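Single-structure report; data block below.
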Amino acid sequence: MNISQLQKVLREKVVQTAKEKFNVELGTAVAGEVPPKTELGDLAFPVAFELAKRIKQQTGKKKNPREIAETLRAALETQDFVERVEVAGAGYLNVFYNRAKFLSESVSANASAEQNSSGNETISKVCVEHTSVNPNKAAHIGHVRNSVLGDTFVRILRASGKRVEVQNYIDNTGVQVADVVVGFVYLEKKNLDDIKQLDENLKAGGKSFDYYCWDLYAKVGVAYQQNEGLKTKRAAVLHSIEEGNNETAMLADFVATRNVECILKTMERLSIRYDLLPRESEILHLHFWQKAFEEMKRRDVIKYEIEGKASGCWVMPFESHAGNDEHDADKILVRSNGTVTYTGKDIAYQMWKLGLLGLDFYYKLFREYADGKAVWITTAEDLRSEKVPVFGSNETVYNVIDSRQSYPQEVVKKGVATIFPERGEAASVHLSYEMVALSPNAAEQLGFTLSEEDKQKSFIEMSGRKGLGVKADDLIDRLEANALREVETRHADLSMEEKKKTAHTIAIGALRYFLLKFTLTTVIVFDFKEALSFEGETGCFCQYSAVRANSIFRKLEENALENATETISNSQTEIQELFATENEVWSLITLASRLGETIAQAVTATEPAILAKYTFGLAKAFNLFYHNHKIITEENPVKRALLIATADLARKSLTNALMTLGIEVPERM
RNA sequence: GCUCUCGUAGCUCAGUUGGAUAGAGCGUUCGCCUCCUAAGCGAAAGGUCGCGCGUUCGAGUCGCGCCGAGAGCACCA
């Protein structure tokens, strides 16, 4: 029996007893909570207060909460795993587990392998879309927050037993790509061959294509301000790109694809990989919108306006948003000139993700990652050549998009739910998070001169158009360089290859943890000092804790763990006696056992930070344990066994937690 | 104008469907390497949980109203 099963049994017992003794139906409302201190028990039910109220409502009689708690206590104490139950305070019911029994169960459960159901095709599939950087420049730290959140949520879903499809949407036919094309064609007078040559030259010089585009994009932004005519050019370029099958479209395709390659490479440094890259070009060419439009008309959820401001447009009515003079309650999906809005296209795409469109893409292999995993990209032609996995048709779709898009995302969710009430709004989840902004200080460190107005602000929004932002690869490079310096002073004996590998692992741990420790609703005001730190609440701290744990086992005799497990099952009485004084050891064991529960919480709350905080707490608890107990020199064999088993439970839980955060544990650090 | 998010220690942030004495990191001060890795551990100091009213046995958490900060509300994407 693991901890969550145990809690479930106890909760049910409370409900059952309330029904039998007091005739009160608590339903699932009964909550078990972790007491603030180990001395107060392992699980608490503040349920007697609620019961007292309900009894009064039903019978008119006042009943003392403590008295009620006493009755429940007797019932809970009959449970095998419960050592004792105390009634505390005004009526808290504090449950103490049988520690020795709990430990030996945990240790043997630990030995008999783990879960994993990710390969099981019968489990329904969910989709997480994240990253979706416009393929016209390098990714900056704000994009990385999106990707790290998305990737971590994918890992969390998988750890909780879900089958997950990871999509990275490529807006290869949008204005942002058009802007860079304008830069290449009109500012730099380059054709496709020139750009290919440029790309070769950049490669030879160790420079990156997406960095070049980053600067060019900023230059185009400036040029638009000085030259209105250039904006007309952009409209024409955009039109050609959308239409396809022409020189401009081919040039744009090259630029977008090269940027996608660069961005994927950046993300791979962070251990972020994708299953599919759906492109806007295919959504256009395979006429996804037309199909969705037909379905909307067939189901009569869209109307053609013949008067008013939106005259000549097709709109979807929304009751939830009351309109006013300035803004309509209805959302325009088709403009009066017959073209589709972004929201319209997005609804069609969301329908495909949920398996509701009745059309599919064609697919080709985009590339294989170093670990052998394949990432596919959509195409408009049926190539029929390869074994393509099944994409789309997801039970639930999580769209990782920053909070500024909450309104359009709500329209997509409600739109799809209006067309398909049988699936409802729950199928579409907007995993919304706040942006990463720059502290004025950080912006100046990047070499930007700030206006007086900007200096007054608490933070400054990053802007691709202005070229203002911390590029992901730059930051990773700095983190790796810093980590390498530290590794060199500590482990001069390691080979350069090993040192670099360790530095890389530390750098990624630092960056991922830094982005994950904030909750989704918090704006991260980026600060170099904080982001580059390896001390305190950092990924590095968590890794260090796990590395220390592993180093104990490297120094212990080979069968130490097996022997400890045996000792524990043969010495239950002595273990129980040891636990009487070793509260701190016990609380580390219970904390380590709560990983599964924490992951489940992170899924329900769609909040990866819950897992990050848990991981840090566990690392801290282990460091304390490590400091206070010397395992190798411990002479009492039973205590030694207890400490070994505890260290093993903690390091396994910590390693799994870190893995779910996408953070590896180095050999040494 | 309307909608959403946020306001907790000097700074940056956590705070489980309402529950026990509101926590962590950084910074400050003071300790700890003859000992499994000091990227660590311990201690001290630091709070009117923006303000007010309400609901409740119980409010940082829920409701209403103010104050302050941010984002959004296109026939843009």
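Every chain is numbered from 1, with letters handed out A, B, ... down the list of sequences. In this text the structure is predicted, and so the values were computed from the model without any measurement. Any value given below was found using the heavy atoms of this structure, including those in side chains, with hydrogens, waters and symmetry copies removed.
- Within 4.0 Å of Asp527(A), counting heavy atoms only, lies no atom of the nucleic acid at all.
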Arg490(A)/Glu486(A) under salt bridge (Lys or Arg N to Asp or Glu O under 4.0 Å): CA gap, chis, key distance, verdict:
CA-CA 6 Å; Arg490(A) 286 156 206 261; Glu486(A) 287 291 324; 2.9 Å; yes
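- Remark: P of U17(B) and CD1 of Ile610(A) are 8 Å apart, rounded to the nearest angstrom.
- The distance from the CE atom of Met462(A) to the NE2 atom of His143(A) is 8.0 Å, given to the nearest 0.5 Å.
- Between Thr522(A) and A14(B), a side-chain N or O to OP1/OP2 separation shorter than 4.0 Å is present.
- The CG atom of Leu649(A) sits 10.5 Å away from atom CG of Leu618(A), with the distance rounded to the nearest 0.5 Å.
- Taking atom CD of residue Gln7(A) and atom P of nucleotide U16(B), one finds them 17 Å apart after rounding to whole Å.
- Across the P atoms, G70(B) and G52(B) are found 24 Å apart, a figure rounded to whole Å.
- Look at the C1' atom in both C36(B) and G25(B): the space between them is 27 Å, to the nearest Å.
- Residues that satisfy the ring pair (Phe, Tyr, Trp, His ring centres under 6.0 Å) test with Phe616(A), not counting sequence neighbours, are Phe541(A).
- Which of C41(B), A77(B), G15(B) sits closest to the side chain of Leu624(A) comes down to C41(B).
- Comparing G23(B) with G60(B), their C1' atoms sit 12 Å apart, to the nearest whole Å.
- Only the C1' atoms considered, G19(B) is 14 Å distant from C62(B), to the nearest whole Å.
- Side-chain proximity of Glu486(A) to the nucleotides C75(B), A39(B), G15(B) is greatest for A39(B).
- Comparing the P positions of U21(B) and A59(B) gives a spacing of 12 Å, expressed to the nearest Å.
- Residue-level contact check: Ser439(A) touches neither bases nor backbone, having no heavy atom under 4.0 Å from any strand.
- Residue contacts for Glu530(A): at a heavy-atom cut-off of 4.0 Å it reaches the sugar-phosphate backbone alone, with no base atom in range.
- Looking at heavy-atom distances under 4.0 Å, Asp346(A) makes no contact with the nucleic acid at all.
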Test log, rule salt bridge (Lys or Arg N to Asp or Glu O under 4.0 Å), inputs Arg465(A) and Asp179(A):
CA-CA 9 Å; Arg465(A) 194 172 292 275; Asp179(A) 284 334; 3.4 Å; yes
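- Checked against side chain to side chain contact (heavy atoms under 4.5 Å, CB included), Ser458(A) has no partners two or more places apart in sequence or in another chain.
- Evaluation of the side chain to side chain contact (heavy atoms under 4.5 Å, CB included) rule for Val547(A) yields Val665(A), Pro666(A), Met669(A) as partners, not counting sequence neighbours.
- With distances taken from any side-chain atom of Cys540(A) to the nucleotides A77(B), A39(B), G19(B), the minimum falls on A39(B).
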Return a single string for nucleotides 21-26 of chain B, one symbol per nucleotide in 5' to 3' order, where B is base contact, S is sugar-phosphate-only contact and - is none, cutoff 4.0 angstrom on heavy atoms.
B--SSS
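- Distance check on atom P: U48(B) versus C6(B) gives 23 Å, rounded to whole Å.
- Evaluation of the side-chain hydrogen bond (donor to acceptor under 3.5 Å, both in side chains) test over residues 541-556 of chain A, restricted to residues two or more places apart or in two chains, returns Arg548(A)-Asn623(A), Asn550(A)-Arg651(A).
- Taking atom P in both G15(B) and A20(B), the straight-line distance is 15 Å, to the nearest Å.
- Cation-pi contact between Arg73(A) and Phe45(A): absent, since separation from the ring centre below 6.0 Å together with deviation from the ring axis within 45° is not met.
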Letter per nucleotide, 5' to 3', of nucleotides 32-38 of chain B [B base touched, S only sugar-phosphate touched, - untouched; heavy atoms, 4.0 Å]:
---BBBS
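- Ser336(A) contributes a side-chain N or O that forms a donor-acceptor pair with the base of C75(B) under 3.5 Å.
- Look at Asn623(A) and you'll find a side-chain N or O under 4.0 angstrom from OP1 or OP2 of C41(B).
- In terms of heavy atoms, Ala560(A) sits closest to Leu556(A) at CB-CB, 3.9 Å.
- Taking Lys455(A) as the reference, Glu452(A) meet the salt bridge (charged side-chain N to carboxylate O under 4.0 Å, His left out) condition, with sequence neighbours excluded.
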Please tabulate, one pair per line, all N/O donor-acceptor pairs under 3.5 Å involving side-chain atoms of residues 506-514 of chain A, not counting sequence neighbours.
from	atom 1	to	atom 2	distance (Å)
Arg512(A)	NE	Leu661(A)	O	2.8
Arg512(A)	NH1	Asp151(A)	OD2	2.9
Arg512(A)	NH1	Leu270(A)	O	2.8
Arg512(A)	NH2	Asp151(A)	OD2	2.7
Arg512(A)	NH2	Thr152(A)	OG1	3.0
Arg512(A)	NH2	Leu661(A)	O	3.1
Tyr513(A)	OH	Glu537(A)	OE2	2.8
Tyr513(A)	OH	Ala612(A)	O	3.2

Mind listing the side-chain donor-acceptor pairs of residues 433-440 of chain A below 3.5 Å, one per line with the distance, residues two or more places apart or on another chain?
from	atom 1	to	atom 2	distance (Å)
Tyr433(A)	OH	Asn146(A)	ND2	3.0
Glu434(A)	OE1	Ser403(A)	OG	3.4
Glu434(A)	OE2	Ser403(A)	OG	3.2
Ser439(A)	OG	Ala442(A)	N	3.0
Ser439(A)	OG	Phe526(A)	O	3.3

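- Taking atom C1' on both G7(B) and A43(B), the two are 32 Å apart, rounded to the nearest angstrom.
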For RNA chain B, what is the dot-bracket line, given that a base pair needs Watson-Crick (N1 to N3, plus N6-O4 or O6-N4) or G-U wobble (N1-O2 and O6-N3) geometry with both distances under 3.5 Å, and | means paired with another strand?
(((((((..((((.....[...)))).(((((.......))))).....(((((..]....))))))))))))....
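- Within 6.0 Å of CD in Glu584(A) there are more than 12 heavy atoms belonging to other residues, nucleotides or ligands.
- Evaluation of the side-chain hydrogen bond (donor to acceptor under 3.5 Å, both in side chains) test over residues 32-48 of chain A, restricted to residues two or more places apart or in two chains, returns Asp42(A)-Trp586(A).
- Near RNA chain B, meaning a heavy atom under 4.0 Å from it, residues 42-50 of chain A has Ala44(A), Pro46(A), Phe49(A) in order of number.
- Set against G19(B), A39(B), A77(B), the side chain of Phe534(A) has A39(B) as its closest nucleotide.
- Side chain of Tyr92(A), nearest nucleotide from A20(B), C75(B), G72(B): A20(B).
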